[in-house]
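Side-chain atoms are counted along with the backbone in the values below, which use heavy atoms only and exclude waters and symmetry mates. Lettering of chains follows the sequences in order, A, B, ..., and the numbering in each one begins at 1. Keep in mind the model is a prediction, meaning the values are calculated, not measured.
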2 protein chains.
Amino acid sequence: MSEHSPVKDISTEVSFSEYEAKFKALADKKRLHILHLLSQQNSCCVCDLSELIDMPQSKLSYHLKILLDAKLIIKETRGTWSYYMINEAELNHLLSPELCCIFKPSRC
Amino acid sequence: MSEHSPVKDISTEVSFSEYEAKFKALADKKRLHILHLLSQQNSCCVCDLSELIDMPQSKLSYHLKILLDAKLIIKETRGTWSYYMINEAELNHLLSPELCCIFKPSRC
DNA sequence: CCCTTTCATCAAATTATTTTGATATATTAA
DNA sequence: TTAATATATCAAAATAATTTGATGAAAGGG
């Protein structure tokens, strides 16, 4: 690695950690399914999603938190309801245009 | 999910499994580092990579296998040496152009 | 043939992630 | 106020992924 400056190495390190978290969030069939469902509605509350995906609420909340922490989805609270929606800008930054049909709301 | 045909559901299922494996392979700092290093050489053998990344050979082989199984890298055997290189087509299909500077050989 | 190098694979130990069921908080409705 | 609903979080159990050190196979050199 002799041709790299320390500064570049540090910033690359930081990127690796950041992307690790985002790819980790994507690295699960159930979460890909959640993203797919969210991409088909404008926004969706936990209880509706729980029925759609046939998953107990605590399990779903666990997975939503992982997606939220990775900033792949956005949360909006109204009363006791939590509405989740796709963070399209973030997915655009991360994924190829070819993947948009599966994981992003705006169709190809 | 009433508005979807079974066929579409099945193919989406298949996609989810396929992408799960690929994102799982990307979901690790060490493997991102390996991809980054490979993207800076045309190809690299395990022993050289092991020194570059300062990682014991068996551990490195474990991670290379995960990347190889996900088809994110390509392996070429010559004698006792195994040379690994980035599978650029696959990464292009998967990742956004913005990520190319970090994980793909051809610079932006 | 024997020795060395390169690499893959294995089993055991360790560590991380996920699932489950229970509980807690906040909001709304009666 | 009481009851019901929506959601988050917790701790324990269950699963899955990673690390480690050892072993073995294949190739090449002397």
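Atom CG of B:Asp54 and atom C1' of D:dT19 are 15 Å apart (whole Å). Atoms CZ (B:Phe23) and P (C:dT17) sit 18 Å apart, rounded to a whole Å. The OH atom of B:Tyr62 sits 11 Å away from the C1' atom of C:dA16 (whole-angstrom rounding). A:Leu60 has its CG atom 14 Å from the C1' atom of D:dT9, to the nearest Å. Whole-Å rounding puts the A:Met55 CE to C:dT19 C1' distance at 10 Å. Atom NZ in A:Lys29 sits roughly 16 Å away from atom C1' in C:dT17 (whole-Å rounding).
Within the 3.5 Å criterion, the main-chain N or O of B:His36 finds a donor-acceptor partner in the side chain of B:Ser39. With B:Ser50 contributing its side chain and B:Met55 its backbone, the two residues share a donor-acceptor pair below 3.5 Å.
In the set C:dT9, D:dT7, C:dT17, D:dT7 carries the atom at the smallest distance from any side-chain atom of A:Val46. If you check D:dT18, C:dT18, C:dA22 against the side chain of A:Asp28, the one that comes closest is C:dT18. Out of C:dT19, C:dT17, D:dG21, the shortest distance to the side chain of A:Lys30 is found at C:dT19.
Residues from residues 76-84 of chain A placing a heavy atom under 4.0 Å of any atom in DNA chain C, listed by number, are A:Gly79, A:Thr80. If you check residues 63-72 of chain B against DNA chain D, the residues with a heavy atom closer than 4.0 Å are B:His63, B:Ile66, listed by number.
End-to-end axis angle for the helix from C:dC1-D:dG30 to C:dA30-D:dT1, using five pairs per end and rounding to 10°, comes out at 20°.
The line from CD of B:Gln57 to SG of B:Cys47 is 9.5 Å long, rounded to the nearest 0.5 Å.
Few gaps surround NZ on A:Lys30; more than 12 heavy atoms of other groups in view lie less than 6.0 Å from it.
Between the side chain of A:Gln57 and the base of D:dA6 there is no donor-acceptor pair of N/O atoms closer than 3.5 Å.
Neither B:Ile66 nor B:Leu49 shares a network with the other; the hydrophobic side chains, linked directly or stepwise wherever heavy atoms of I, L, V, M, F, W or Y lie under 4.5 Å apart, form separate groups for each. The cluster map of Ile, Leu, Val, Met, Phe, Trp and Tyr, joined by side-chain heavy atoms under 4.5 Å apart, puts B:Leu37 and B:Tyr62 in different clusters. Under the 4.5 Å side-chain heavy-atom criterion for Ile, Leu, Val, Met, Phe, Trp and Tyr, B:Val46 and B:Leu32 are members of the same hydrophobic cluster. If you chain together hydrophobic residues whose side chains sit under 4.5 Å apart, B:Ile53 and B:Leu26 fall into the same group. Hydrophobic clustering of Ile, Leu, Val, Met, Phe, Trp and Tyr side chains at less than 4.5 Å, counting indirect connections, keeps B:Ile86 apart from B:Tyr83.
Residues A:Phe23 and A:Leu94 have side chains in contact (heavy-atom distance under 4.5 Å, counting atoms from C-beta outward).
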Problem set entry | Residues B:Leu68, B:Ile73; criterion side-chain contact (heavy atoms from CB on, under 4.5 Å); working and verdict | CA-CA 5 Å; B:Leu68 186 66; B:Ile73 59 176; 4.2 Å; yes
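Close to D:dG21, at under 4.0 Å from its OP1 or OP2, lies no side-chain N or O of B:Lys59. Put simply, A:Lys75 has a side-chain N or O that comes within less than 4.0 Å of OP1 or OP2 on D:dA8.
Note: A:Phe16 and B:His33 have tilted aromatic rings, judged against thresholds of 30 and 60 degrees for the angle between ring planes.
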